[in-house]
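For reference, the structure is listed below as structure tokens.
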Amino acid sequence: MKKTAIVLLLTLLFVSCNNQTKSPNLDPSEKEKIVKQYFEYFNNHQWKELADMYSPIADFKDPSFGKEMTIQTRRQTINKYNTLNMLFPDLHDEIVNIYPSDEKHIIVEFISTGTAADSTKFKLPICTIFTIEKGKITKDFTYFDNFDDPKSEK
């Protein structure tokens, strides 16, 4: 009886582990389409459409938010980009390369440029790791050097 119970328990564990429903994964071309659409919205300054590409609440790592991960709503994302766009009306991102990763992640290397009201221009290389689940961006981990290097301007 004891052996039968153990075998039954192990069988149930095995079956339950194999029957877990997995979230549908996007193939690399679908993730790339999402990313390209994202940058199209960005470059057209369509902040609401861009924010709608995120889940209602998404995780962000971005030097502009500080050193820790933060959570942002779609409304906060719209506000962030509206503010940035007011500072740099010609804000533009140019994709350098897209690196498919695993079933949920895609890495994008790009150059962000813009001009401030005082005619100061910036050109910033950036790398973002997007996590995409069920067609929505759930994590946006962005990395760039936000410190000016006085030696680089000589």
Side-chain angles (χ1 to χ4, degrees), residues 13 16-154:
L13 283 171
S16 68
C17 287
N18 285 329
N19 286 335
Q20 291 178 354
T21 56
K22 295 183 179 179
S23 61
N25 296 327
L26 298 173
D27 69 40
S29 67
E30 289 175 282
K31 290 187 298 185
E32 193 168 321
K33 261 193 227 177
I34 289 169
V35 164
K36 286 181 176 178
Q37 181 64 65
Y38 176 94
F39 281 91
E40 184 178 322
Y41 286 148
F42 185 93
N43 288 330
N44 291 324
H45 303 165
Q46 294 175 267
W47 309 128
K48 182 188 179 319
E49 291 82 355
L50 182 136
D52 285 343
M53 296 187 77
Y54 287 94
S55 58
I57 297 174
D59 295 333
F60 286 82
K61 278 187 187 175
D62 186 321
S64 68
F65 292 133
K67 294 181 179 185
E68 302 298 321
M69 188 181 74
T70 186
I71 295 171
Q72 296 282 296
T73 64
R74 289 176 177 158
R75 171 58 40 207
Q76 289 171 308
T77 299
I78 292 169
N79 292 342
K80 173 191 174 181
Y81 286 117
N82 272 330
T83 301
L84 188 61
N85 195 195
M86 287 190 309
L87 295 172
F88 303 101
D90 63 344
L91 190 61
H92 182 81
D93 286 348
E94 186 71 33
I95 296 173
V96 173
N97 212 336
I98 297 173
Y99 306 96
S101 186
D102 58 24
E103 65 275 351
K104 291 183 182 180
H105 300 94
I106 190 164
I107 302 162
V108 183
E109 176 186 3
F110 59 99
I111 304 289
S112 189
T113 59
T115 309
D118 67 357
S119 297
T120 304
K121 293 182 181 283
F122 78 89
K123 184 175 181 180
L124 184 64
I126 301 174
C127 185
T128 298
I129 303 168
F130 291 105
T131 302
I132 301 173
E133 299 175 273
K134 298 179 183 172
K136 295 291 184 186
I137 300 167
T138 59
K139 294 180 182 177
D140 176 330
F141 290 6
T142 297
Y143 300 92
F144 58 87
D145 182 0
N146 62 341
F147 294 104
D148 289 331
D149 181 3
K151 292 181 279 184
S152 68
E153 296 187 22
K154 291 183 181 177

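Not measured: the values here are computed from a predicted model. Numbers here are sequence positions counted from 1.
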**Asked** Hey, mind stepping through Tyr38 and Asp140 against side chain to side chain contact (heavy atoms under 4.5 Å, CB included) and telling me if it holds?
**Response** CA-CA 12 Å; Tyr38 176 94; Asp140 176 330; 3.8 Å; yes
**Prompt:** Please walk me through it: do Ile34 and Lys31 pass side chain to side chain contact (heavy atoms under 4.5 Å, CB included)?
**Reply:** CA-CA 5 Å; Ile34 289 169; Lys31 290 187 298 185; 5.6 Å; no
**Request:** Could you please spell out the steps behind the side chain to side chain contact (heavy atoms under 4.5 Å, CB included) verdict for Thr113 and Lys121?
**Result:** CA-CA 7 Å; Thr113 59; Lys121 293 182 181 283; over 6 Å; no
**Request:** Run the numbers on Phe141 and Thr131 for side chain to side chain contact (heavy atoms under 4.5 Å, CB included), then give the verdict.
**Result:** CA-CA 8 Å; Phe141 290 6; Thr131 302; over 6 Å; no
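Considering Phe88, Trp47, Tyr54 as possible partners of Tyr81, the one that fulfils the ring-ring contact (aromatic ring centres under 6.0 Å, His included) test is Trp47.
Panel note: side chain Lys48, backbone Arg74; no donor-acceptor pair is recorded below 3.5 Å. Distance alone, capped at 3.5 Å, is enough to place a donor-acceptor pair between the Asn43 side chain and the Asp93 backbone.
Heavy-atom minimum distance, Ile57 versus Ser55: O-OG, 2.7 Å. Here the closest non-hydrogen pair linking Ile106 and Pro100 is CG1-CA, 4.1 Å. Summarising the geometry of Phe144 relative to Ser64, their closest heavy-atom pair is CZ-N, 4.3 Å, with the distance given to 0.1 Å. Taking each heavy atom of Leu91 and His45 in turn, the nearest pair found is O-NE2, 2.7 Å.
Proximity of Tyr143 to Ile129: side-chain heavy atoms (C-beta onward) are separated by under 4.5 Å at one or more points. Taking the side chain as every heavy atom from C-beta outward, Ile111 and Pro125 approach each other to under 4.5 Å. Between Glu49 and Asn44 the shortest side-chain heavy-atom distance does not fall below 4.5 Å.
Between atom CG of residue Leu124 and atom CG of residue Asp145 there is a gap of 8.0 Å, rounded to the nearest 0.5 Å. Taking CD from Glu109 and CD1 from Ile126, the interatomic distance works out to 11.0 Å, rounded to the nearest 0.5 Å. Taking CD1 of Ile132 as the reference point, atom NZ of Lys139 lies at 13.0 Å (rounded to 0.5 Å). How far SG of Cys127 is from OH of Tyr99: 7.5 Å, rounded to the nearest 0.5 Å. How far CE of Met53 is from CD of Gln46: 11.0 Å, rounded to the nearest 0.5 Å. Atoms CG and OG1, from Asp52 and Thr77 in turn, are 10.0 Å apart once rounded to the nearest 0.5 Å.
Salt bridge status for Glu40 with Lys36: absent, with no side-chain N to carboxylate O gap under 4.0 Å.
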